[in-house]
Amino acid sequence: MDPVTTLPVLLGIAWLVPLASFTLILLFGPRMGKHGQGAGMLATAAIGTSAVLSLIALFFVWVPAYDWAPEHHAAHAEHGAAEHHDAGHGEAGHDDAHDKDAHGADEHQAEEHKTEEHKTADEHHDWRKPYVAGEWYTLGQFGKLRIGISYYIDSLTVTMFAMITFIATMIHFYANGYMHDELHEITDHEVTLSNGHHLHRPGRFHRFFQYLSLFCFSMLGIVIAGNIAMVFVFWELVGICSYFLIGFYIERKSASNAANKAFIVNRVGDFGMIIGLMILIATLGTFSFGDIDTDGDGTAEPGIFSLVRTEANNYALVVPDGMVRAAAASEIAAGVEPSAEQIAAWRAETGPGGIGRTAYWLLIVAGLGIFCGCVGKSAQFPLHVWLPDAMEGPTPVSALVHSATMVAAGVYLVGRFYPVFTPETLLVIAVIGCITLFIAATIAIVAVDIKRVLAYSTVSQLGYMMLALGVGGWSAGMFHLITHAFFKSLLFMCSGSVIHAVHTNDMTKMGGLRHKMPFTAYTMLAGCLAIMGAGIPFMIGLSGYYSKDAILAQALSFKASNPQWGFLFYVAAAGAAITAFYMFRLWFMTFAGKPRDHHAYDHAHESPKIMYYPLIVLAVLAVVVAWPFWPVSIVALLEQARPEGFHETVNGVLVSNLTHPAEHISHEPNFHIQATWVATFVGLSGLGLAIVFYGLSLLNPAEVARQFKPVYTFLWNKWYFDELYDYIFVRPVLFVANRVAEFDKVVIDGIIDSLAMLTRMVARLDDLSDRYLVDGFVNGLAAWTYATGSKLRSAETGRIRQYVMFIVVGTVAMFVLISLYIS
Amino acid sequence: MNLLTDPVGITHYLIVGAILFVTGAVCMATKRNALGVLMGIELVLNGANVNFVAFGSEYLRPGVLGIGLDGQLIALFVIILAAAEAAVALAIVLNFYNNHSTVDVDRADELKG
Amino acid sequence: MEPINWHSVFFLVFALLACGFAVAVLLTSNIVRMAFYLVLSLAATSGLFFLAGADFVGAMQVMIYVGGTLVLLIFGVMLTAQGPFISMKTSAGEWTLGIMVGGLLLAVLLQAATSIDAWQPQAVIEGDARPTATRLGMGLLGARVDKLDEVDPVQRGGMSGYLLPFEIVSVHLLVVLVGSAYLARPKKRAQNSSWEGLK
């Protein structure tokens with residue numbers, strides 16, 4: 001099958017099926033089966049279809065068409081890139097432990113591919129990241145700028161599609177069980193009406209699945225989008241879907257507040273994204289990622305990536321001509337197109353105040369703008385505050401938001417836009433990620449709401465991803481995104497199962513539940529081990545083991561290149577320990593020990609099959625998904641999508657001594673082995689602490705909390721972020737709004753009221769004039785006519801003879817008059 | 001002028017017509033008897049007829065073509081219409097008499113304002 | 001002394017008769033007498049018509065007016081001439097008013113009749129009187145034989161005859177006679193049925 005023609009169709013259908021489901025449920029939802037039960041089946045079937053199509057696209061189209069083996073790249077690197085760069089790491093970079101395993105398992109096949117690939121490589125002369133880009137539909141063309149529904153499919157897209165649709169399918173199945181209550185009339189015990197009763201409302205089962213379908217559609221839209229404008233549109237769609245779903249229990253004050261908070265905080269990030277978009281549109285004149293032949297002349301118009309990293313420059317970052325021109329706008333006479341040499345000369349002016357530096361700043365700001373959007377969507381510091389509150393939504397939504405969709409969108413976009421980020425931008429990303437991961441991890445230690453612990457864990461893990469991306473570990477970050485999606489969705493669904501059983505989120509009321517709900521308990525244990533990154537060093541591990549190792553190794557490699565930024569590695573390592581600690585704290589508090597609330601414990605029960613079967617599937621996948629022994633390993637797939645220009649070490653321009661080491665360096669034994677040991681050690685130490693505190697109860701956590709009271713309070717209040725924002729933003733805004741409202745009430749309302757009074761007075765005058773002048777005139781006329789008629793009446797005697805007399809007199813009078821006037 | 005020796009002109013006829021007309025009009029105005037009023041009408045019509053015939057006469061104004069035979073024709077129509085009018089009026093008077101048992105037109109004042 | 005103009009003399013006689021009996025009609029209060037005087041007045045008028053050369057119209061005047069219309073009137077007089085209605089007196093005030101108004105009208109008319117020079121007496125043409133009956137008959141049938149030798153094209157415009165008015169008048173007369181016969185038909189009862197009959 002030809003991937004160029006097949007993939008857009010397969011993935012396009014996979015993308016649109018949830019939209020169809022959304023539309024159908026929107027139109028016919030309440031009439032689907034009993035109480036809209038059919039809506040759940042329809043949505044599940046739709047996303048299941050998407051999943052099947054995505055998996056077909058991955059395994060039967062993408063993989064056979066492109067050799068996925070690491071040697072693939074190595075061969076090309078040798079052939080093309082290696083001529084310009086250190087020949088050393090072309091081959092060696094991929095000889096790490098994982099790839100050795102893969103190599104061993106599949107050596108024969110790889111050899112065959114190698115020869116074949118050499119041939120194709122000869123034809124293409126150079127290695128290029130394989131991707132399929134094109135346009136389905138053009139929405140409009142404004143001068144050079146073209147906005148359309150286009151696609152950009154590379155290995156990352158296909159992998160993300162498979163991951164998102166698969167996890168979403170699991171969550172749909174799960175939600176069919178979890179949202180069962182919504183099939184009937186519901187009494188919401190958390191909402192008390194003004195009359196003291198609890199809110200009683202009809203079930204909203206179908207609406208839940210309607211939003212869920214739209215959510216999936218929007219997320220897939222972001223992933224498949226071929227231009228940044230389309231990404232933005234679906235970005236906002238994801239935002240509005242999350243708003244609907246977080247505010248699903250809209251009658252609860254906390255839920256509607258959380259939905260508002262999520263939406264507003266995201267708007268803050270999107271504002272930055274719009275700035276980035278404006279810079280790109282103004283300077284590059286295109287939104288497209290890849291090269292698409294839009295005007296049909298046979299040659300593809302360069303997309304953003306090609307403009308930033310030109311083939312001529314061997315994919316190293318150059319400031320695009322458009323930005324140089326924009327920076328040199330004052331130098332360029334109107335209507336005169338500067339020559340290529342002139343632009344090159346300007347670009348070279350990188351000294352302070354030089355045009356080249358301004359242009360470079362433009363590039364940085366564009367990248368930071370896009371990253372701003374990602375900060376909002378992926379809940380990075382300082383916009384991380386919405387994610388924990390988003391727990392107000394039903395648990396399947398949390399699972400979806402936290403694993404495959406919303407927050408993944410931010411990380412995905414950073415990964416997708418990676419070629420445009422300068423080393424300086426990447427450094428900002430790394431620092432933000434680092435801060436986020438630490439803050440969130442520390443807060444998770446003290447949280448007692450089971451979903452909140454997981455929420456902060458998500459924030460922390462997202463910080464990890466950003467950190468990895470920021471320090472140059474592109475594939476490490478994306479790898480962690482995918483593995484994290486599996487185990488985080490698993491963890492959330494397990495927590496949902498627990499909540500379903502005990503009807504509370506508070507971990508202090510749980511305990512010992514593993515006897516009651518073994519499936520949930522042990523699948524969650526698998527999830528906890530996966531997120532902690534458990535494994536036997538250099539032998540085998542759960543999915544988190546591989547991805548977290550890769551991140552730590554890259555951070556270590558970065559530390560070696562930039563000793564002044566070494567804290568990034570230490571914080572990441574500390575974060576790993578904290579992760580292990582709070583995850584097992586959660587597990588022990590929930591499932592181990594003695595039940596703390598016997599009432600809840602006695603009522604607890606294992607969830608229905610439709611809920612724990614997905615748990616088992618996800619648990620198995622959380623364990624095995626990252627294994628490098630598979631014929632198609634995720635790392636290999638991701639390596640294929642690695643942005644051009646990031647196969648080599650890159651240096652910063654503005655910040656001195658900033659070096660982003662190529663990722664394959666981190667696979668070298670000196671970093672890799674060290675990182676693995678560190679990860680294992682910190683993970684085990686965190687686990688050990690958790691066992692000491694909660695598993696064996698050797699130490700009383702309450703006592704420790706008392707001892708470190710200030711720290712505990714600080715963490716308990718989530719670093720006072722909400723209070724800080726409340727003071728910095730909310731209260732001033734409220735203050736200003738109150739003043740404005742008072743102004744409105746006093747001045748504007750006053751003006752309007754007095755205007756109304758004036759109008760009333762005028763109307764009253766008008767009324768009077770109507771009544772006495774106009775009516776008086778009309779009535780007077782009528783009365784006069786009546787009086788005249790009454791008087792004339794007496795002339796009508798009804799006597800013929802008199803009439804004859806009148807005729808005669810009239811004739812005479814006329815004669816007299818006429819003779820008087822004529823003569 | 002001497003009426004016995006001078007020729008007669010249109011003026012003379014007009015004077016006769018005027019007298020007949022005025023007599024008829026006064027008759028209509030003063031008679032209380034409905035038939036008297038009718039007779040007044042006949043007189044008025046007759047006076048008008050005299051005028052028409054005089055204007056159409058080729059003897060009274062020799063050499064000048066007046067309205068010619070048209071005058072006589074109109075006079076004829078007037079006579080015919082007078083006859084018709086007399087018949088209808090008589091029928092009305094008889095009805096009035098049947099209903100009111102009188103022919104006094106002053107009693108027919110149902111249309112008094 | 002000029003010779004006596006017999007035309008003028010006859011005119012004077014008929015004019016005095018017509019006016020005198022007309023005044024008599026006005027002055028008498030007896031309805032039967034009024035009818036009688038009217039007959040005489042109308043007959044005298046027909047004499048004036050003959051003097052003006054309108055022989056046919058004069059004949060019609062005698063036949064239709066005197067012979068037809070007045071007979072009709074006299075029928076009416078006889079049908080209603082019961083005691084109190086034969087002579088109904090008019091009040092003196094009304095008389096005064098009527099005479100005054102009539103006098104005014106007469107003054108106006110006389111002033112008009114005498115003020116036009118072209119209407120003053122002219123020389124009388126000597127010769128045979130030409131009968132008008134044939135010409136009138138042809139005119140009623142639509143052929144104006146009296147205007148055949150007219151030179152003035154404007155005058156010849158009056159070539160159209162009176163066929164249509166003649167027909168209309170005929171039908172009118174028929175309708176009127178039928179209508180009057182209906183109105184005057186004998187009633188069974190005095191009050192109600194007659195109103196119903198009118199409806």
Side-chain angles (χ1 to χ4, degrees), chain B residues 3-16 18-23 25-27 29-30 32-33 35-36 38-39 42-43 46 50 53-54 57-62 68-69 72-73 75-77 79-80 82-84 86-88 90-95 97-99 102-104, chain C residues 2 4-5 7-9 11-12 15 18-19 22-23 25-26 31 34 38 42 45 48-49 52-54 57 60 64 68-69 72 76-77 80 85 88 90 94-95 98 102 105-106 109-110 113-114 119-125 132 135-136 139 146 162 169 173 176-177 179-180 183-184 187 194:
Chain B
L3 265 180
L4 295 177
T5 53
D6 287 353
V8 174
I10 293 176
T11 306
H12 297 92
Y13 275 84
L14 292 187
I15 290 168
V16 174
I19 291 168
L20 287 175
F21 188 91
V22 170
T23 315
V26 175
C27 195
T30 51
R32 285 170 61 199
N33 194 319
L35 290 166
L38 268 181
M39 289 174 194
E42 299 297 340
L43 276 175
N46 221 44
V50 169
V53 169
S57 169
E58 56 198 24
Y59 298 104
L60 299 179
R61 261 202 304 181
L69 277 185
Q72 297 188 29
L73 282 163
L76 266 178
F77 285 130
I79 291 168
I80 294 161
V88 174
L90 204 63
I92 291 170
V93 167
L94 286 178
N95 254 317
Y97 178 72
N98 281 341
N99 291 325
T102 178
V103 286
D104 186 354
Chain C
E2 289 178 50
I4 287 184
N5 188 333
H7 187 266
S8 297
V9 171
F11 172 79
L12 199 58
C19 294
V23 172
V25 167
L26 177 61
I31 187 73
M34 262 160 61
L38 186 63
L42 293 180
T45 313
L48 289 177
F49 289 172
V57 177
M60 286 302 116
I64 297 177
T69 309
L72 209 60
V77 169
T80 59
F85 307 131
M88 297 168 82
T90 308
E94 282 181 340
W95 269 116
L105 185 61
L106 184 64
L109 289 177
L110 287 180
T114 53
W119 295 347
Q120 293 304 322
Q122 314 278 322
V124 179
I125 299 168
T132 56
R135 286 181 286 163
L136 282 175
D146 58 317
Y162 287 85
V169 162
L173 209 51
V176 159
L177 290 175
S180 56
L183 281 177
K187 310 292 187 308
S194 68

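Letters A, B, ... are given to chains in the order of the sequence lines, protein chains preceding strands, and every chain is numbered from 1.
When C:Gly53, C:Gly102, C:Cys19, C:Ala113 are compared by the number of non-hydrogen pairs under 4.5 Å with chain B, C:Ala113 comes out ahead. Contacts with chain C were tallied for B:Leu69, B:Val88, B:Ile80; B:Leu69 has the most, counting heavy-atom pairs under 4.5 Å. Annotation: maximal heavy-atom pairing with chain C below 4.5 Å, among B:Ile19, B:Ile15, B:Thr23, occurs at B:Thr23. Listed options C:Val23, C:Leu106, C:Val9 were ranked by heavy-atom pairs under 4.5 angstrom with chain B; first place goes to C:Leu106. Note on C:Leu173, C:Leu136, C:Ile64, C:Leu105: by heavy-atom pairs under 4.5 Å with chain B, the leading option is C:Leu136. Residue with the most contacts toward chain C among B:Leu43, B:Val26, B:Asn46: B:Asn46 (heavy-atom pairs, distance under 4.5 Å). Per-residue counts of heavy-atom pairs under 4.5 Å with chain B were compared for C:Val25, C:Leu48, C:Leu110, C:Thr114; the largest is that of C:Leu48.
Rounded to the nearest 0.5 angstrom, B:Ile79 CD1 and B:Gln72 CD are separated by 10.0 Å.
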Verdict with reasoning, B:Phe21 to B:Val50, per side chain to side chain contact (heavy atoms under 4.5 Å, CB included): CA-CA 10 Å; B:Phe21 188 91; B:Val50 169; over 6 Å; no
Is there a side chain to side chain contact (heavy atoms under 4.5 Å, CB included) between C:Val77 and C:Met34? Walk through the geometry before answering. CA-CA 10 Å; C:Val77 169; C:Met34 262 160 61; over 6 Å; no
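For chain C, the nearby part of B:Leu94 is the side chain; its heavy atoms alone come within less than 4.5 Å. With a threshold of 4.5 angstrom between heavy atoms, C:Leu42 approaches chain B through its backbone and through its side chain. Using a 4.5 Å cut-off between heavy atoms, B:Leu90 touches chain C through its side chain atoms alone. Only the side chain of B:Leu38 comes within less than 4.5 Å of a heavy atom in chain C; its backbone stays farther off. For B:Ala83, the parts lying near chain C are the backbone and the side chain together; criterion is any non-hydrogen pair under 4.5 Å. When heavy atoms are compared at a cutoff of 4.5 Å, B:Tyr13 approaches chain C by way of both its backbone and its side chain. Of the atoms belonging to C:Leu177, it is side-chain heavy atoms, and not backbone ones, that fall under 4.5 Å from chain B. Looking at C:Leu38, the atoms closer than 4.5 Å to chain B (heavy atoms on both sides) all sit in the side chain, from C-beta outward.
The two residues C:Ala15 and B:Val16 make their nearest non-hydrogen contact at CB-CG2, 3.5 Å. Nearest heavy atom pair, residue B:Cys27 against residue B:Gly36, reads SG-O, 3.8 Å. Here the shortest heavy-atom pairing between B:Ala87 and C:Ser180 reads O-CB, 3.5 Å. Nearest heavy atoms, B:Ala18 versus C:Leu109: CB-CB, 3.7 Å. Among all heavy-atom pairs drawn from C:Ala52 and B:Val53, the shortest one is CB-CG1, 3.7 Å.
Between the side chain of C:Thr90 and the backbone N or O of B:Thr30, at least one donor-acceptor pair lies under 3.5 Å. Under a 3.5 Å cut-off, the side chain of C:Thr45 and the backbone N or O of C:Ala18 do not form any donor-acceptor pair.
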